[in-house]
Amino acid sequence: MPDYSWPAAEQRTLIGKRVSRVDAPLKVSGRAKYSYDYTRPGMLFGKILRSPYAKARIVSIDTSAAEKMPGVKAVEIIQKPGTTVQWAGDEIVGVAAVDEPTAEDAIRVIKVQYQQLPHLVSDAEPPAGVGGVPGPMSEDDIWDATDLMSPPQVASQVSQLGVTFKASPDVIDEFKKFGLPAEIVEAIQKAAYHPLAESSHSASWYQKASALHQGDPDKAFAGAEAVSEGLYGAPVITHCCLETHGSTAEWPDKDHLLVHLSTQNVSGIPGQMAEPLGLPAANIRQQQDHIGGGFGSKFAADRWDITAARLSKKAGGKPVRMMLERDSELQVAGARPSAYARVKVAAKTDGTLTAWHSESWGTGGPGGGGMPPIPYLFNIPNQHKEHTAIRNNIGPARAWRAPNHPQAAAITMCALDDLAAKLNLDPLELFRKNLGITGPRAENYREEFAIAADLMGWKDKWRGRGQDRSGSVARGLGLSIHTWGGRGHSSDCDLTLHPDGSVDIKLGSQDLGTGTRTCILMVAAETLGLPIEAISLYIGDTMYPPSGGSGGSTTIGGVSSSTRRAAVDAREGLFTKVAPALNAQPADLECVNGTVRVKSDPSRSLSWKQACSKLGAVPLTARGKNPDKSKPPDLTNSGVGGVQMAEVEVDTDTGVAKVKKIVAVQDCGLIIDLKTAESQCYGALIMGITYALYEEKIMDQLTGRMLNPNMQFYRLAGISDIPELVVHMMTGKGYDERGVIGLGEPPVISPGAAISNAVANAIGVRVPFLPLTPDRVLKALADHNLD
Amino acid sequence: MPENDPKQPHDEGSGVSRREFLKISSISVAAVPIMGTHVVEAAGEPVKVYGPGKVPVELTINGKKHALQLEPRVTLLDALRDHLEITGAKRVCDRGECGACTVLMDGKAVYACAVLAIETQGRPITTVESLMQGELLHPVQQAFVDNDASQCGFCTPGFVVAAKAFLDKHPQPTAEDIRRGLSGNFCRCGTYHGIQQAIAQMAQKGV
Amino acid sequence: MRAFEYATPQTKEQAVGLLGTKWGPIAVLAGGTDLLALMKDDVEQPKRLVNIKDIKELHGVTSSAQGLRIGALTTLGDLADNANVLQDYPALAEALNDAASPQIRNLATLGGNLCQRPRCWYFRNGFGLLPKDKVGKDLVAEGDNRFHAILGNSGPAKFVSPSTIVPTLIAYGAKVRLAGPKGNRELPLEKFYVIPKTDTEREHDLRPNEIITEVFIPAAGGMRAAHYEIRQKAAFDWPLAVAAVALNLSGSKVLSARVVLGYVAPVPWPSPEAEQALAGKVISEDVAKAAADAALQKAQPFTHNSYKVQLARVAVKRAILKAAGGAA
């Protein structure tokens, strides 16, 4: 069997080097085409009428004026009367018109009557006593439940909990009129009536999500040498992809759909659109050259995409472009759940962690959400933790780069930092002391801490809390560590050698800007002994072999493994064809520098072109797969670690915090392209500065709306907010032989915690919640001075 | 009961009828609309009024003249992207807040989303598409490539144009100049580090 | 954006003739950076835009012994680069360079900057300039007011005046000149701003059928001025507090002072209290602090913006010290 393993360090010509991303010339010149750029003759423009209310029942919809408007080609009701919308910005009606202004005009003349319902958009700490066993259900609770659960589940909940209203014929008729499934109606009729029960809104808004217990926390706290208590957390933030969500849909004929959808999941799109559109997945083709950001929010064909396809069908198959506006992008197309916690953590005076107690809460929108993985990374022996999920009307949550980890890190690493301060310990010491309970990569962290401390100058710079001040400027250092999985996803790759010497590769994958294209080409070029330019790569189309969605940092492991196997098999196939001409056995051949030659006698060689001409008339295609147990070894792996240190300056008169330097030391197994790998880290640090200092989806309880659905008040860091960034990738022995592991997510986990710790170190007091805005910093200082 | 959504129209109907347009004019109207234009009298003189329907608009993009029929409400950005298929400038915020649609107007960097197409007539527009010399990247573009100053790339064309305009004005920028001079463009992937390096490289070369 | 008709008058008389007597149906298009955003957000719904950029006399900057005359259509970028501004009004140059972004400064005009609408998020989200919900609840007072006014906020207007440049212009004693159907008028820039009491009023004294023609700044003489902004981000960010200070010194003693705050009230906020506290004094840390305290003495923050009192105080104090320490 051929040897699929990664080439040894001394043999590598490309892997591990700094290679410029192959699609950069297209991107810098404006030639890279994104879904948003896809234009077709006769293309129609789609727009969506959205709910102005955070929670409301749709009473009626009148689209007649829009339908009569010249230039309007199709109108599609997305949510029918009777439906309850659960967040402001929820989709009600879609239209397609000859141009965008006409589509907007059409949206304005659609009349919708709403019955407003009480909403909750806050994610403040749940009032005491809520979130126990859910009470009997109100009419609204039942409607809400239908948005979140299947009819049998809702029916069963109604039967279990009872109802707060009398199921009179009128009420039942109303339910039926608005389309409540029969089995739920039946359950309501049979349900116990609890007339005295309070409106159970509070019960449905707050839900005890989990309570976990480990060891004997009570005893551990009782006997603790030191206990630190604090409040920590991170708010809801949005993905704010620069290319908004959306697609262009067209029907080349009545049975086939072609979509250009901005997605992290090219191969997965047909399967998602098939059912709602009632056609086989095989009849749906998805294409995408480039994607303008996803960060975890673009895995699905969304309701607006389905709407675009339906509008196109109604308009005779004409292409309909439906890209979200910026405000909708921020309101509905993705949010990271919030997580807050009251934490108590105990340790011995030497810093050894003994016990953890947390009461946490947070929201992921109507779905609530689970407990973040706290205590993060440190498996403290004795733990008690409870989590309350807030199911509110802020819009749905989506996976945000390293789901739940940045929040968990912010809660845990800040609690440990406060504990270190209480013990008068350098946090670096406390963290190192406890590495034994971080799991299998303790030694990696130790190594990374040493490098990071050196790059930061930690020893020279670190002072105790509030000890480094001149005038109103306070300086401080903070740190955090993180982990992530990153095993390669399923990926199929076809690599074809043509008799003319050309080589092409096809995968239904996507390049989110992480450097996927570059890495695939580097692996193939390395394996075939060719320059990168000699190979053509085709991705982003469901006509190509499927690859997984780009989530969980799984792409690089998946595509590099499938490409390696395809390239090795193709190379072996070529050797078989070429061996007679070189008077050698296939196993004696190698591909080097654009030639195929005999290992023991390099003078016996053919140029790549000559070699390929031996293929005869038929190209040779090899399919590589990941995973593939039949072709060992496993080329990918799971589990990475990283250490980050931040240095900040805080103006204690204004509360304005500025990051002065961040050091990131990161491992991720065998690195394919060092240049794009480092860029992932730089980018993550910058995104980290942004969520640490600026970002927040600000929801207004009065109006139920997001107040900052724009790029003025949804603040992103600009180039002038970016300090010195130092990235060090762990490579070589102990790392390379692990195989290829993803990197997109891990480095974005720690910046929030590290920066918050640096601010606490600078000003001498903890600012509980991110982002560390001037009002919060000043309040923390003022509260501290009152104590 | 249903409430008025503040974002819903304050008046009935969408577009504005010809009659309404005439009504709102405080001065006498004396013209027959031709090709969406008519003439009103202001300060005793005839003044041409265009629209609200489509009117001829001539744009000069990358040295080439384009004759279009556009409503006055069409922005330069939408004219470029949707009417001319010049899609290098991206629509991201559409409110002059992010820089992704940066183009040059009269040689100066502006947000194409913050200008009406009709008001740019007679003012030369340069987009990212014109920076390459044949197949050769402009030095600013090459510096972006060398320093990996793009990830998803959606902000990149706007950044490249802004960087070019900035370097034209500040050939020898300090680090502080770079920070201020490129503050009008946002990136979500976090490519600022590469951009800083790219501009610093340009400054060193004195290009 | 809703449809509108569009005219490009060649003279200010024509421009004025094309305007109407009510706010709303007709709007003046200058730089357009704010207006187009407001129209896209459906906050402004003009049926006619009057593009005044072809009016030659509204362009240009001219310097004389009396001062600087700045055509209303001068872009912020051109003004920031103007040699007279750089030399005689350095605080103005700094305020200009701090404003928005290079791309905005290349489009936005000084006249437009003076007339830009408040950034209040309830206003921009369509709830009106004096935002209330359907039962009359004051959205700012009872809602999220973290960026709202701390002074001059006892009436229904609680937004903050949005220009970061105007406080400095007022500190320099700028006047604004307007043209209307009855001819021209001039008023001190601080009088140009008014606090609206109803939703039909605007935040300035401009009438619907008037345009700003120019801004005049008297010669700065030996005045020392400074502009200080507290922003969260280093650039392209709306400030949390702004202060502009101009000191008329005799030796090290303050003969008279102008202290104007921005981002604290529905209008640019001159502080006679601070000015008095400075008069006759030699500037020191303590004097600056006392003046800053005086400027904010009457501040009445809402539930979520008391931090702004502190920020405004710091801005005033730092602007005073900067003015005293800086060049003329």
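All values reported here derive from a predicted model rather than from experimental measurement. Chain letters run A, B, ... following the sequence lines, proteins first, then strands; residues in each count from 1.
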Practice problem: Determine the option with the most heavy-atom pairs under 4.5 angstrom with chain B, choosing from M687(A), Q680(A), E104(A), K27(A). | Solution: K27(A)

Quiz prompt | Best-contacting candidate, G292(A), P101(A), A65(A), against chain B by heavy atom pairs under 4.5 angstrom | solution = P101(A)

Quiz item: What option among E329(A), K675(A), H290(A), K33(A) has the most heavy-atom pairs under 4.5 Å with chain B?
Solution: K675(A)

Quiz item: Which of the residues I689(A), L26(A), T244(A), I291(A) is involved in the greatest number of heavy-atom pairs with chain B at under 4.5 angstrom?
Solution: I291(A)

Quiz item: What part of V160(B) is in contact with chain A, defined as an atom under 4.5 angstrom from a non-hydrogen atom: side chain, backbone, both or neither?
Solution: side chain

Practice problem: Pick one of side chain, backbone, both or neither for E71(B), based on which atoms fall under 4.5 Å of a heavy atom in chain A. | Solution: side chain

Quiz prompt | Heavy-atom donor-acceptor pair, R321(A) side chain to S35(A) backbone, under 3.5 Å | solution = no

Quiz item: Any idea which of L131(B), D94(B), D146(B) has the most non-hydrogen atom pairs under 4.5 angstrom with chain A?
Solution: D146(B)

Quiz prompt | N-O pairing of R91(B) and E325(A) below 4.0 Å | solution = yes

Quiz item: In terms of ring plane angle, is the pair H193(B) and Y682(A) parallel, tilted or perpendicular, where the classes change at 30° and 60°?
Solution: parallel

Practice problem: Count the heavy atoms of every other residue, nucleotide or ligand shown that sit under 6.0 Å from NZ of K48(B), and state whether that count exceeds 12. | Solution: no

Self-check item: K90(B) and E243(A) ion-paired at < 4.0 Å
Solution: no

Quiz item: Which word best sums up how the rings of Y53(A) and Y114(A) line up, parallel for under 30°, tilted for 30 to 60°, or perpendicular for over 60°?
Solution: perpendicular

Quiz prompt | Donor-acceptor side-chain pairing of T127(B) and E129(B) below 3.5 angstrom | solution = yes

Exercise. Sort by residue number and list every member of residues 77-87 of chain B having a non-hydrogen atom under 4.5 Å from chain A.
Key: D78(B), R81(B), D82(B), E85(B), T87(B)

Quiz item: What residues form a side chain to side chain contact (heavy atoms under 4.5 Å, CB included) with C519(A), not counting sequence neighbours?
Solution: I556(A), I672(A), D673(A), T676(A)

Quiz item: Regarding T102(A) and D105(A), is there a side-chain donor-to-acceptor distance under 3.5 Å anywhere?
Solution: no

